[in-house]
Number of protein chains: 2
Amino acid sequence: MATTRDTRLAVAVHILTLLAQQSEEDPLTSEYIAGSVNTNPVFIRRVLGLLSRAGLVASQPGVGGGWRLQRDAASISLLDVYEAVGAGPLLALHHRQPNPDCLIGRNIQRTLLHYFGEAEVAFKQMLARQTIAQVLERAREGELSPPA
Amino acid sequence: MATTRDTRLAVAVHILTLLAQQSEEDPLTSEYIAGSVNTNPVFIRRVLGLLSRAGLVASQPGVGGGWRLQRDAASISLLDVYEAVGAGPLLALHHRQPNPDCLIGRNIQRTLLHYFGEAEVAFKQMLARQTIAQVLERAREGELSPPA
DNA sequence: TCTATCCGTAACCAGTATAGTTTCAGATCA
DNA sequence: TGATCTGAAACTATACTGGTTACGGATAGA
């Protein structure tokens with residue numbers, strides 16, 4: 001199956017939140033994590049590979065091995081995670097170069113880059129204020145409120 | 001060809017900017033617009049259909065027909081356009097339901113919805129401040145600066 | 001040293017979305 | 001009546017996401 005949209009950020013945050021509630025001495029395997037996310041271990045390892053390259057997690061192979069956080073959950077912002085999974089720009093420009101013989105055509109892309117860029121900055125600034133520790137806390141709080 | 005990312009917002013803003021510099025009596029055809037965007041008229045008409053349903057443009061069939069703005073360019077924000085083209089949420093959640101037997105699994109999606117939602121609001125608030133009139137003005141300004 | 005476990009990665013596949021293309025019915029105007 | 005333009009359907013090529021299988025290499029423990 002595929003349902004097509006990129007879910008790597010959601011999965012990455014899920015993974016990091018799992019690791020954040022785990023003790024240092026008890027790493028989680030990609031198999032276990034896949035069970036919580038409800039997907040397959042290979043996809044989890046692919047995402048963990050991105051997080052590892054960004055220095056957010058580290059792995060240990062072999063019996064009793066698995067993954068653990070490399071940084072305090074309160075120091076990992078969602079922007080860190082967003083950048084770690086390497087998502088492209090939020091808004092795409094034209095696939096093909098617009099017509100350079102047209103006033104709008106030859107200026108639109110630079111202009112869009114400016115305005116789209118401002119919106120993306122606002123988006124990232126908000127992500128920068130949110131941390132894995134907050135996500136974990138809020139997920140725990142969800143348990144307290146009576147189920148609807 | 002396809003290059004896959006959704007370019008409808010970029011194309012929609014391009015279209016509206018073209019129409020914004022056009023006089024009321026001289027509508028533009030989808031064929032002409034396609035020439036500026038450098039794509040085919042059918043795709044342009046598909047996007048124009050969305051803008052039309054949102055009340056931003058109107059069409060007239062027949063000889064001398066075409067498209068014109070229905071609202072002042074200064075009153076059309078990029079958020080209006082964004083919503084008109086009906087883009088989905090910026091950040092996807094998991095494709096499959098996470099494991100409900102896991103604390104994180106059963107709370108992560110609601111939690112992500114909250115934090116992702118805040119980032120999306122910030123993004124949209126910025127788009128709401130930008131107008132087609134500004135885009136047109138900035139595209140014209142680009143002409144004045146010496147080419148690099 | 002041997003074996004079980006776990007990572008790391010490649011390869012391949014299925015499902016889906018974008019947008020290019022062709023085609024044609026219907027509206028409008030001269 | 002005929003030229004022009006919209007509106008929409010149908011089909012296609014391309015590319016992306018993530019599911020799946022497979023296997024090499026590292027590690028720990030018996």
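Below, chain A is the first sequence line, B the second, and so on; all start at residue 1.
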Can you measure [X] atom [atom1] to [N] atom [atom2] for me and round it to whole angstrom units?
{"X": "B:L9", "N": "C:dT18", "atom1": "CG", "atom2": "C1'", "result": "15 Å"}
{"X": "B:R45", "N": "D:dA9", "atom1": "CZ", "atom2": "P", "result": "13 Å"}
{"X": "A:I44", "N": "C:dG8", "atom1": "CD1", "atom2": "P", "result": "13 Å"}
{"X": "B:R96", "N": "C:dG15", "atom1": "CZ", "atom2": "C1'", "result": "13 Å"}
{"X": "A:H95", "N": "C:dA17", "atom1": "NE2", "atom2": "C1'", "result": "11 Å"}
{"X": "A:R5", "N": "C:dA17", "atom1": "CZ", "atom2": "C1'", "result": "11 Å"}
{"X": "A:H94", "N": "C:dT18", "atom1": "NE2", "atom2": "P", "result": "17 Å"}

Exercise. Does OH in A:Y32 sit with more than 12 non-hydrogen atoms of other residues, nucleotides or ligands closer than 6.0 Å?
Worked result: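 No - once you tally the heavy atoms of other residues, nucleotides and ligands closer than 6.0 Å, there are 12 at most.
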Exercise. More than 12 heavy atoms of other residues, nucleotides or ligands under 6.0 Å from CD of B:Q70: is that the case?
Worked result: yes
For this session: Find which nucleotide of DNA chain C each of A:Q60 and A:R46 is nearest to by heavy atoms, and output the residue with the more 5' nucleotide.
Result: A:Q60
Could you check whether [X] gets within reach of a base, just the sugar-phosphate, or nothing at all, counting any heavy atom under 4.0 Å?
{"X": "B:G49", "value": "nothing"}
{"X": "A:R8", "value": "sugar-phosphate"}
{"X": "B:N40", "value": "base"}

Problem set entry | Residue pair B:R138 / A:T111, side-chain donor-acceptor N/O under 3.5 Å |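 No - no donor-acceptor pair under 3.5 Å links their side chains.
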Exercise. Reckon B:S59 has a side-chain N or O less than 4.0 Å from the OP1 or OP2 of D:dG7?
Worked result: yes
Problem set entry | DNA chain C contacts among residues 12-32 of chain B, heavy-atom distance under 4.0 Å | none
